[in-house]
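Worksheet: the structure to be examined is printed underneath.
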Amino acid sequence: MRKLVVLLSVLMLTFWVGYAQAQTTSGKVTDEQGQAIPFASIKVKNGKTGVSADANGTFLIKVANGTVLTVSSVGYMPKDVVADENNRLVIQLSKSTDASLSEVIVTTAFGVKQEQRTTPFSAQVIKSDALNIIPQTNLNDALVGKVAGVQFRSQSGTKLSSQSFARIRGGLALSGDVGPIFVVNGTIIGNSYDIDPDNVESITVLKGANATALFGGAAANGAIVVTTKKGSVGMQSITISQGVTFDRVSRLMKLQNEYAGGGVDHLTVYTWKPGDPEEWKALDGKSFPDYTDDASWGPRMLGQEYIPWYAFVPGTPYSYKTASLTPQPDNIRDFWNHGYHTNSNVSFAKGGDGYNVRMSYSKEYIAGLIPDSKSDRNTLTLAADFDLNKYISAGVDLTFTTQKINGEFDDGYANNSSGNFGQWNHRDLDLNLMRQLKDYPTPIGTVNTWNWGANPDGYSAADPGGFYKANYWYNFYAYQDNIQNNQRRDRLYGNTYVKVKINNNLSVKGTVRRDEFVSYYENITTSLLEASGGQTGTIAGYATGNYNYSTTDYELVANYNQSFFNNDLGVTALVGGDMNRYIRKDNEASTTNGLKVPYLYSIANSKDNPGFSNTRLEQQTNSWFASGSVEYKKFVSATFALRQDYSSTLPAGDNSLFYPSVGMAFTPSEFFKDKISWLSFTKVYGSWGKKPLNLGIYATNFGYGVASNTYNGNFLMSFPDNIPDPALRGSLITSFEGGVELRFLKNRFGLNVNYYNEKMDDQPVSIQVAGESGVTSKTVNAASVKRQGLEFTFDGKIINNKNFSWSVTKTVGWLINNPVTQIIEGQDKIQPGGWIGSFGSRYASAYQVLNQDWGQLQGGGFILGENNQPEIDPNTGLYITGDPNYSWGSIVPKLTGGFQSLMTYKNFNLNISLDYQSGGHFFSLSESWGMYSGLLDYTAETNDRGANVRDPLSEGGGVHVVGVSSVDGKTPIDMYVDGFTYFHQFYGSKIAAPFIHKLSYIKLREVSLGYNLPVKNWSFTNKWLKGATVSAVASSPWIIYSDSKNFDPSEISGVYGEDGNLPPVRSIGFNVKLNF
Amino acid sequence: MKMNKKNKVILLAGMVLAGAGFTSCNKFKDFGNVNQNPGITTSPITSALLTNVESGLGNYTWDAGGITTLSGLYCQYYSETQYTDASCYSRQQPNWDGYYAGRLMDLQTIINYNSDPATAAAAAASGANANQIAIARILKVYIFALLTDSYGDIPYFQALKLDNGIVPFDKQSEIYPDFFKELSEAVNQLDDAGQAMSGDIIYNGDNTMWRKFANSLHAMLALRLSKVDAGQGKSEFNNALNGKDGVFGTGETAQLDYPDGNFPNPVYNYYNVTLRKDYAVSKFFLDGLLSNNDKRADVWASSTVGFPYGLTRDNAIAFSNANPTWARLFQGTATSVNDPFYILTSGEVFLARAEAAQMGWTGENASSLYQSGIQDSWTLNGVYNASDFNAYMALPNISLAGGDEIKKIATQEWITHYPNGRRGWADWRRTGYPALTPAPGATNSYGIPRRMAYGQNTLTLNPDNAAAASAIFTGPDGANSQYARMWWDKN
């Protein structure tokens, strides 16, 4: 560190020397909105000397006072200005009328900006207008379909803590999905969750090694580089926007509406017996359905008189009365709240000579689908830059987010809402009535339930709880009232820098970056819920935890750029170093096995020794890096990047990773652009590089932990289940990409085709090994994965009139293949750690299989006989036990893409975004139970004999099964099987086939119809209002096509499937934006 | 190229300085202890490993992961009350990783750490090296026997070597002789002059009891060979009886006394913490006890309503609804958190000796051993009183006097092993007693499973070796059959 200080001092000294000698004019080039124009050319009029502005539009030029300078940039009208040593120049260029598109600027590591026309790698840039077609709660949601080759997997904003996932170009890490990093103004933050889309100016998506090398190991799977809005020169603005959208559940599992709940297909007559509650006498002789079984194999709902579950809840208008048993087709839809979210933003920006400031405050409030679930998030950002003088500038950029989330909204098996409705439920429940009755206790004071612990004929006066305590499930609403999950998340990230511009060619910038996260949660399960449960498995408790982690970077970067030979040759170079520090300290505790004193929620009140955990993680990485580019006559450019990381997580003797990359781009159109008039621009590019794959924190450690509980005073230790290979080391990804970029008809249409080929060899991965070794996993360098694919981006300004413009963008990513080429010797199939034993392992889950594409969905398939007909036991008509290794193929879609259309007519604009994917598979655990429980529509459908599949075989019922005999594999079988037996067989035979679906879909994601009020023409507003826009927006209004009818394949929450997925929502709302 | 000289100098100086600054600085490359996980130690405390192993033996005996009671279902101690798949013989393939990578590796570590000259001295803080190694060897045999008696051939000689786990499966016929060798050697290795092993929550380091346990286990395993190799069985049975300190005498057991809710009795935990009621005492077992006025029924079941075995789900639910007081294991929710779990009891050992005597393997008196075995079991369960016991022993289907001695002894062995389904299922397979009727709701007609099928993990991760072993156990449902018989299963 001391050496760094010395280095900094020397550089400062150099600067002072340079400062003392300079006779220099400084300036900044901006567009009409005051936003910087990077790389503009500044030349002495009619002379030979000149300079280029840097990426921020600033420049220094040494000329005599009064010299006329010509400032120009592609897409803008050139402008002459007079140099003046004492005045800093602010030069505003206006858009030229003949060129339809200006230069696109790509942002890479350390804020390096490049013109897209010369980048030798794929770098897609999305501007805020295309990004924010509608207000989205999550940046990932806003990006869906807009980036070629990226699959976004996320749930709607109503899943309040949804940490959506982006998968760039298929899988590469054998250990499972690792997403790209998000970089906000140069600060790496792990995910997109705390990026306020309101603040985003533009996004550059970088995928290949040459593009991301300088970000270091974290960017192994790509980088999504976010540039936020800034104040602009000479402007001051206040914007206020307010959006409201209303969320309605859009797609629910298709359930049957013929048969009521229970495991018994008829009503049973209740006969009052001594000892039964007196009030029940009113029900004597009436009939009840089976309340205890949580499936829906009950009697047909024909409006017949029956005793509903709520007849046993005292004190209501329905107590001890019968009702008629009727279908409730909308009951699940009735449960889900009508959620909404509001999005408010106010921002202030001002810029002037040598400074710009922007402040923004956003408030996002979401009322979730589940009763009482809500999220309240407030984001404050401050960004300011100022130039102290010609040479020194400094700035700060901070984002603070604080969020409160309340409610129980985790989706998953058995969660008394989404995990329940399609898996274990009664189809005859009236949920509006259930909501009305949620606060009525049973006679023993417990929460009521539709799933009584016994049927009334099993009531025992000695043990009333045997009846009144919920068998498996509670009144859904009462359950939500008794689960109180609260969390708070605070996050602060940003940077501050000092930059010294030594002369027009050389600058040095020192930056400190910080990303800090502090969070706590408190979860309470009430004693009432425990007291109310039979086999619900619910025990009262209190759990709390604090998370605290931070990443700090100290960066020092020198930038050099200069032009030679009349600007024919441009050279840039960057050299620098970075010290990265990551610390995480978490503490969590929870009560064990219940509470000593009921209703007292504290850790000390734990019935047995409380559980606790204490996470302490630390990582340090030091790096140096250099990159540079040479560009000749805008015809050919070459770039290189080198970076060396020293990481604390690597073995001490071998703790560095060095990774180079190179790239070249040719622009042949420079030669023939005048000859081929329709071809305005051609670029051919290619790049090759390496990306590092670091080890996880403590991955090389081996040791024994101590259990927190003692056994009669004896403490416990165990041999770890995972051991590291002593030779464990980091490794590198090799990446190649190349492509062609063409623009036609005066740049109006563009096509980019990009090919990539990447390989990750010797991956350090915790790999599952057979337990007979003594451990269940080892961390070794033993896996290789390859992937190659094509990415297409098409854009067009189809119409570009003054009154009417229409532009479209289309992206397609095609994953050609993604094979796993090496696992551990002797194995050909493994499961990454996070996939082992997760849901669905009985039926199907994802594996990495040698020589097959990354992420294979495998599990119980039909055993197939002749002509690929499933084998069926000829005696029973049931399928024989499934083949546990049946493979459905990859969990990754082959094709992903999207289409955006931005249309403007006078003051109206209509923007549409659509996305799709094709291929890939998922497994639905909900469907497996939904079938078992007789909930899904087809468990009560009419068969081809005209009877219901549940009707007796003798009456023409049953499921028609066709296949071949399991005895010889060929004798045809064609018979009917009793519905109950048929739909129950899959659990026992572990056949997953009916529950596997493709991820293919086409979805209309966003629609926005906006109107710019002509405020400038109105005398009462033109003085103070610069602009006003109102828009009507719709989010996910239409799933145009999907392979799965029960789910939205774009919102599958698990890597390889869903388990009680929260349903998707359709949101409609409006947005108002005022600009002062 | 016309590079400005000053710039060139500055740039070069900058690069050199940066290079020097970043790479020569030692701190830039050396991170000290940053990557040392503060929550773990590289030196195991062997007594703590032993406590860990022993604390889980109750759960191990009832199959992996607590009260998932596969073997107890197969020998019809228990019935499933709502999800009846296992008792209707749908194919179960429990993984064994938790045994190998769990307690067996802990035991191997005790052995390794005490054997390696570099660590033996440090390990001796937990007791004499010889004592630690011997105890670990005995427990290894105990756990490995659970595995081989469930699956048949298993990785044994090449297991626990911390390699990639691609290791061959060994024949059960070769594993059993090694069990006998290990137990005999361990008995002789225990060194009373050396410091007792600490962390021992079963015997508190009492070498004499460890020898008795090892010899008793030796005898139980020798008896397994009664049908396949009576010669070896007989000689090993006698070796066991003649081992130093002999076998369990009256009232001697290997048992776990559960201290508290963090280490609760598994039955207590099942009914009171997981709050499930999937398991009942089977009607077949309970009615058998009740019909003979066997007083152990009072302790082993929470009511007198046994649950019919092997019903379909519908029938099970119907029965459960109609009989809400069906018998839970032991006292159901009233089971004490501290109730012990018996790993091996003197009653079981007496009955094994009775059978050996009856077969002529020893010169002991079968009839008196038989009586001692049953009486010890009654006493251990706190239900012994002379009048009930004598009446019980006088019943014609209990008393050995009426003939059918092997059948009666084997039936009593099956009863006395309760709730230890591992041993109950093994003895039923070996002797054929009692005669069990396959589940009426069975999904196939192959009868009662006679082994557990290899789990998916070994089939996937040790594929060639597991496939070879699976082929050996081919039955009506194909390779890796749960109906194929293992080496000693010759009944």
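Chain A is the first sequence line, chain B the second, and so forth, proteins listed ahead of strands; every chain is numbered from 1.
- Using a 4.5 Å cut-off between heavy atoms, B:D85 contacts chain A through its side chain alone, with no backbone atom that close.
- For a residue to count as touching a neighbouring chain, one of its non-hydrogen atoms must lie under 4.5 Å from one of that chain's; by this rule B:Q82 touches chain A with the side chain only.
- For B:Q93 (side chain) and B:Y454 (main-chain N/O), a donor-acceptor pair under 3.5 Å exists by modelled atom type.
- The neighbour count for B:N204 CG, taken as heavy atoms of other residues, nucleotides or ligands under 6.0 Å away, does not exceed 12.
- The minimum heavy-atom distance between A:K829 and A:I823, with the atom names listed, is N-CD1, 3.8 Å.
- Among the candidates A:V775, A:V780, A:D290, the residue making the largest number of heavy-atom pairs closer than 4.5 Å to chain B is A:V775.
- Side-chain N/O atoms of B:D97 and B:N457 include a donor and acceptor closer than 3.5 Å.
- In terms of heavy-atom pairs under 4.5 angstrom with chain A, the leader among B:G478, B:G39, B:P44, B:S198 is B:P44.
- Most heavy-atom pairs under 4.5 Å with chain A, from the set B:P264, B:A466, B:S55: that is B:S55.
- A donor atom on one side chain and an acceptor atom on the other are not found under 3.5 Å apart for A:T710 and A:N714.
- Here B:P38 is the residue among B:A159, B:P38, B:S90, B:G32 with the most heavy-atom pairs under 4.5 Å with chain A.
- For the set A:S718, A:G705, A:G988, the count of heavy-atom pairs under 4.5 angstrom toward chain B peaks at A:S718.
- The choice from A:T649, A:D873, A:T592 that makes the most heavy-atom pairs within less than 4.5 Å of chain B is A:T649.
- Side-chain contact annotation: B:N52 with B:D106, donor-acceptor N/O pair under 3.5 Å present.
- Using a 4.5 Å cut-off between heavy atoms, A:N885 contacts chain B through its side chain alone, with no backbone atom that close.
- Within the 4.5 angstrom heavy-atom criterion, only side-chain atoms of A:N655, from C-beta onward, approach chain B.
- The choice from B:L256, B:V167, B:T274 that makes the most heavy-atom pairs within less than 4.5 Å of chain A is B:L256.
- With respect to chain B, the highest number of heavy-atom pairs below 4.5 Å among A:F980, A:F715, A:Y704 belongs to A:Y704.
- Heavy atoms closer than 4.5 Å to chain A are found in both the backbone and the side chain of B:K277.
- Taking CG from A:D265 and CH2 from A:W297, the interatomic distance works out to 10.5 Å, rounded to the nearest 0.5 Å.
- For A:D463, the side chain to side chain contact (heavy atoms under 4.5 Å, CB included) test picks out A:S460, with sequence neighbours left out.
- Taking the six-membered ring where the residue is Trp, the centroids of B:Y100 and B:Y156 are separated by 6.0 Å or more.
- Per-residue counts of heavy-atom pairs under 4.5 Å with chain A were compared for B:V34, B:D200, B:L275, B:N35; the largest is that of B:N35.
- Within the 4.5 angstrom heavy-atom criterion, atoms from both the backbone and the side chain of B:I45 approach chain A.
- Between the side chains of A:S845 and A:Q831, at least one donor N or O sits under 3.5 Å from an acceptor N or O.
- Taking the ring centroids of B:W96 and B:F169, they lie under the 6.0 Å cut-off.
- If you check the side chains of A:Q535 and A:K469, you find no donor sitting under 3.5 Å from an acceptor.
- Heavy-atom neighbours of chain A within the stretch residues 313-323 of chain B, taken at a separation under 4.5 angstrom, comprise B:R313, B:D314, B:I317, B:N321.
- Heavy-atom pairs under 4.5 Å with chain A were tallied for B:L459, B:D257, B:N272; the largest tally goes to B:D257.
- If you measure heavy-atom distances from B:Y83 to chain A, the contacts under 4.5 Å come from the side chain alone.
- With 3.5 Å as the limit, one finds a donor-acceptor pair spanning the side chains of A:Q644 and A:S656.
- Seen from the ring of B:Y270, B:R276 does not count as a face-on cation partner, given the 6.0 Å and 45° thresholds.
- Looking at A:N471, the atoms closer than 4.5 Å to chain B (heavy atoms on both sides) all sit in the side chain, from C-beta outward.
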Tell me, with the steps shown, if B:D477 and B:R91 meet salt bridge (charged side-chain N to carboxylate O under 4.0 Å, His left out). CA-CA 10 Å; B:D477 53 342; B:R91 186 180 170 87; 3.6 Å; yes
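- For A:S647, the part lying under 4.5 angstrom from a heavy atom of chain B is the backbone only.
- A:N709 places no side-chain N or O within 3.5 Å of a backbone atom of B:F263 that could act as its donor or acceptor partner.
- Only the side chain of A:D721 comes within contact range of chain B, with at least one heavy atom under 4.5 Å from a heavy atom of that chain.
- Taking chain B as the reference chain and counting heavy-atom pairs below 4.5 Å, the highest number among A:S989, A:P884, A:G263 is found for A:P884.
- In summary, the side chains of B:S43 and B:T41 do not present any donor paired with an acceptor at a separation below 3.5 Å, with no hydrogens or angles considered.
- Contact count versus chain B (heavy atoms, under 4.5 Å) is highest, among A:G533, A:G534, A:G466, A:A652, for A:G534.
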